[in-house]
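Only one structure is covered here, and it is reproduced in the block below.
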Amino acid sequence: MPFTFHFGGFDPDAFQQGEEGGQTPPVRRPRKPRKAIGNAFTRTLINLAITLVFGLVYFYVQLPALNFRDEDLYIFVFLLCAVYCGCAVVTSGFQGTDLKGYVGFVKKQCAIPFFSVIALIAVIAVGALASWVVLRAPAYSALLPIEPGDFTAEVEEIRYDQIPMLDSASAAQLGSRKLGELADMVSQFEILSSYTQINYQGRPVRVTSLRYGDLIKWLTNRSDGLPAYIIIDMVTQEAEVVRLEEGMKYTPAEHFGRNLYRHLRFRYPTMMFDEPVFEIDEEGTPYWVCSRIVKTIGLFGGTDISGAVLVNAITGESEYYEEVPTWVDRVYSSDIVMEQYDYYGLYHNGFLNSVFGQRDVTLTTDGWNYIAIDDDVYMYTGVTSVTSDQSNIGFILTNQRTKETRFYPCAGATEESAQASAESQVQQMRYTATFPLLLNIADQPTYFMSLKGADGLVKMYAMVNVQQYQIVETGGTLAECEANYRKELAHAGLIGDGEAGIDTPALDLGPAEFAITEIRTLNIDGDTHYFFCSGQDADTGKQVWFQLNAAEDPRVAFLEVGDAVMLVYDRQQVPLELLDGGKNVLVQIYRAQYAYGGAGEGSMLLDR
C-alpha cells in the first residue's frame, strides 16, 4: 500500500503536474442558473409595476414638467428606463457570463427602454445643436427688444416719498426684528428670506410671507395656515406685520398637496415656471406670481417668459394670464433680463465679433436695483464695455411686468466706483454703501445710496454724479443730502443757483466812495482776501472795512493806501462787528459785491 502524506489537508494527488512542474487548480463547477420569476407576461407586469411606483414617487418629489423642452424630463425618462431594465435583470434570471451576454440580454428583455434611451439621446443632441448660440446668435441677440431713451425727458425727478432707502438685507433685518416683537408668532414662525419689491398703494415696499419654524410647528399650525405676512416701507423704514382673517395655506413652506410647487405642477403639468414671487394686490390679498418659462430657440435655448399663473395664497385658486393684471409688478426676473441683455450686447454684431474684434460688445454690470416709474417697478443695471470694467457707457431700465426696455447712453462711473466714492466721504465712520439706485436730480443722472453702519441699519445717505463721480455729497437725511448735492452741482457749474435751490435774495446795492486809509490781507481757503478801511463812520464812530476776494477781482492787488475807490455793497447786509486789535475800537466789515470806479471802464480807481 503506497504511503500518502497529507500536510495540513494538502492532497498532492488532487493536483496534476504540469510540464514544468507547475500545479493547476481543479475545474470549477458551472454556476447554477438563476430561476426566472413566473412567465414572460407576469415578469413584464412586475417590471412595469415597480417602474410605475418609482415614477410616481419621483414625479411627486421632483416635479418635472411633462414638456420636451424641460431638461428634467429627460432625466426622469432615463431613470424610468434604468429602473425597468434593472427589474428585468432580477425577474428574468440573467444567464449571461460576460459583456456580450449582458448586451444580448438587454436587447432581448429591454428592447423598448433601450431604444427609447437611444432615441432620447438623439433628440437631445439635435435639440442642443439647434439651440447652440454659435449657430443662433442673431436669435439670441433679439430676445430683448431695446429702444433708445432720453434720461432727462423720460425719467422724472422722483419725490421723497418714492425713493427706496433700504436694500434687501436691511429690509430683512427690520422684518426679523418686527417679528421678534410678537410673542405669539416668533416661537412658531420664521420669515421667508425672499422679499419682493413692489408698489403698494403708491409707495415702494418689500413684502414677504412667513414660514413654519420646523416640521413639528407645521403639524401643529397647518390647519390654520400662515397667519400673516410682512410689509417693509422702503421710505419710512417701518416694518408691519399684516395679520390675516384666514391664514395662507399655499406657500413654498407647505408640504404634500398644499406645497406651492406641487400645487402648480398638478394643475399645469406641462408648464415650466420661474421661481414664484410673493405679491399683494391693492386690497392686501396675498398672491404668488408664478411666471411661465418658455424656450424660444431650438429645444432648450432662448429662455423667456410668457404670462404668469396667479395663485391665491389663502384659497389656492389659480389662473393663467398671458397679459397679467396691472397691479402685478414683477413678472420678469432680474436674472432673465440681464441674461437677455448680455446676449444682445455680445451677439448683436454676430458671434464671431464677440470673440474676434469685439466691436461694440457690451455686458451688464454685476448688480441691479429697482425704481418706481408710473406705478410700475423698473429694474436698473449699468452697461459696460466688455474690454473695460472701470466705467459704464450707459444703463438700461426694464419694466418688470412688460419687459419694455430702454437704453440710456451716459458715460460715467460704475456702481462699484460710486460706492467707493461715497464710502470715502465717511471713511472715518466705516459705513458701507448699498448698491446704487439711479435717480434724476436736476436733470443729472445720479447714484443714490444708503450708508449703513456695522449694525446693518441706515445711518446716512449719499449722492454721486454718474458722469463726474468726484462730485459726492452726503447727509443725515435725504433732504439734507439732496440740498448739499444740488449746491455742489451749482458750484461745479452743472446747474444754476435756482435749480440748486440756493436762495439769491434781491440786493439793495449802494456805493461807498472813499479813500483807502489802511489795507490788510488774509488767506481764506487758498484765496487772498483784501480788507480796505474807509476810516471812521461819522454816525457810529466805528471803523468801516470792505472785504474783497482777489480770486473774484484780481485788480484789488494793485490798490494802495490813499487810493480813492468806489465799492458796491449790500445796504441790507448786517455788518460783522468786532474789536479792532488792541485799540478796543469796534469795526464794521461789509463784503463788497463787486468793485467799480469812474476813472475808466473796468477801473476801481476814482482818483490817484
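Note that the numbering runs from 1 along the sequence shown for the chain.
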Under 3.5 Å donor-acceptor pairs involving side-chain atoms of residues 45-60, not counting sequence neighbours:
unit_1, atom_1, unit_2, atom_2, d
N47, OD1, T91, OG1, 3.0
N47, ND2, R43, O, 3.2
T51, OG1, N47, O, 2.8

Is it true that R211 and E190 have a side-chain N and a carboxylate O under 4.0 angstrom from each other? yes
Please report the interatomic distance [atom1]([X]) to [atom2]([Y]), rounded to the nearest 0.5 Å.
| X | Y | atom1 | atom2 | value |
| --- | --- | --- | --- | --- |
| M272 | D274 | CE | CG | 11.0 Å |
| L66 | M271 | CG | CE | 13.0 Å |
| R359 | S385 | CZ | OG | 13.0 Å |
| I191 | R177 | CD1 | CZ | 12.0 Å |
| Y344 | S141 | OH | OG | 8.0 Å |
| K452 | S170 | NZ | OG | 3.5 Å |

Looking at [X] and [Y], what are the two nearest heavy atoms and their distance?
| X | Y | value |
| --- | --- | --- |
| N392 | E415 | ND2-OE1, 3.5 Å |
| G298 | R69 | O-NH1, 2.5 Å |
| T220 | Q188 | OG1-OE1, 3.9 Å |
| Y370 | P164 | O-CG, 4.3 Å |
| M234 | L166 | CE-O, 2.8 Å |
| L226 | L244 | O-CD1, 4.2 Å |

Could you tell me whether [X] atom [atom1] has more than 12 heavy atoms of other residues or ligands within 6.0 Å of it?
| X | atom1 | answer |
| --- | --- | --- |
| E240 | CD | yes |
| Q201 | CD | yes |
| I118 | CD1 | yes |
| D72 | CG | yes |
| F68 | CZ | no |

Between [X] (side chain) and [Y] (backbone), is there a donor-acceptor pair under 3.5 Å?
| X | Y | answer |
| --- | --- | --- |
| Q340 | T303 | yes |
| T364 | V383 | no |
| D342 | L363 | no |
| S176 | A172 | yes |
| R258 | A253 | no |
| S306 | V294 | no |
| T208 | S194 | yes |
| Q400 | Y378 | no |
| R136 | A130 | yes |
| T405 | I146 | no |

Does the side chain of [X] reach to within under 4.5 Å of the side chain of [Y], using non-hydrogen atoms?
| X | Y | value |
| --- | --- | --- |
| K178 | V241 | yes |
| L143 | Y140 | yes |
| I336 | I305 | yes |
| N353 | V361 | yes |
| I232 | I230 | yes |
| Q419 | F435 | yes |
| R292 | Y268 | no |
| L260 | T251 | no |

Test side chain to side chain contact (heavy atoms under 4.5 Å, CB included) on L210 and Y229 and set out the steps. CA-CA 6 Å; L210 298 181; Y229 57 81; 5.9 Å; no
Sequence neighbours excluded, every pair satisfying ring pair (Phe, Tyr, Trp, His ring centres under 6.0 Å) that has a member inside residues 308-334: Y287-W327
From CA spacing to verdict: side chain to side chain contact (heavy atoms under 4.5 Å, CB included), W218, H255: CA-CA 9 Å; W218 170 74; H255 300 276; 3.5 Å; yes
Side chain to side chain contact (heavy atoms under 4.5 Å, CB included), that's the test. Do N199 and V205 meet it? Break it down for me. CA-CA 6 Å; N199 278 352; V205 300; over 6 Å; no
For Y261 and E254, run side chain to side chain donor-acceptor pair (under 3.5 Å): C-alpha distance rounded to whole Å, both residues' side-chain angles, the deciding distance at 0.1 Å, then the answer. CA-CA 9 Å; Y261 302 103; E254 279 286 350; over 6 Å; no
Are Y341 and T362 close enough, and set up right, to give a side chain to side chain donor-acceptor pair (under 3.5 Å), and what steps lead you there? CA-CA 9 Å; Y341 180 85; T362 57; 3.2 Å; yes
CA sep, side-chain torsions, deciding dist, call: K403, D304, salt bridge (Lys or Arg N to Asp or Glu O under 4.0 Å): CA-CA 10 Å; K403 205 177 74 167; D304 205 354; 3.3 Å; yes
Does the ring centre of F278 sit less than 6.0 Å away from the ring centre of W288? yes
Determine, using ring centers only, whether Y408 and F395 are less than 6.0 Å apart. yes
Step-by-step side chain to side chain donor-acceptor pair (under 3.5 Å) determination, E279 to Y200: CA-CA 9 Å; E279 290 199 33; Y200 176 58; over 6 Å; no
Apply side chain to side chain contact (heavy atoms under 4.5 Å, CB included) to V328 and I198, showing your working. CA-CA 8 Å; V328 175; I198 63 172; over 6 Å; no
All salt bridge (Lys or Arg N to Asp or Glu O under 4.0 Å) counterparts of R401, not counting sequence neighbours: D376
Kindly determine whether Y380 and T398 satisfy side chain to side chain donor-acceptor pair (under 3.5 Å), including the steps that lead there. CA-CA 7 Å; Y380 150 80; T398 301; over 6 Å; no
What class does the angle between the rings of Y74 and F78 fall in, given that below 30° is parallel, 30 to 60° is tilted and above 60° is perpendicular? tilted
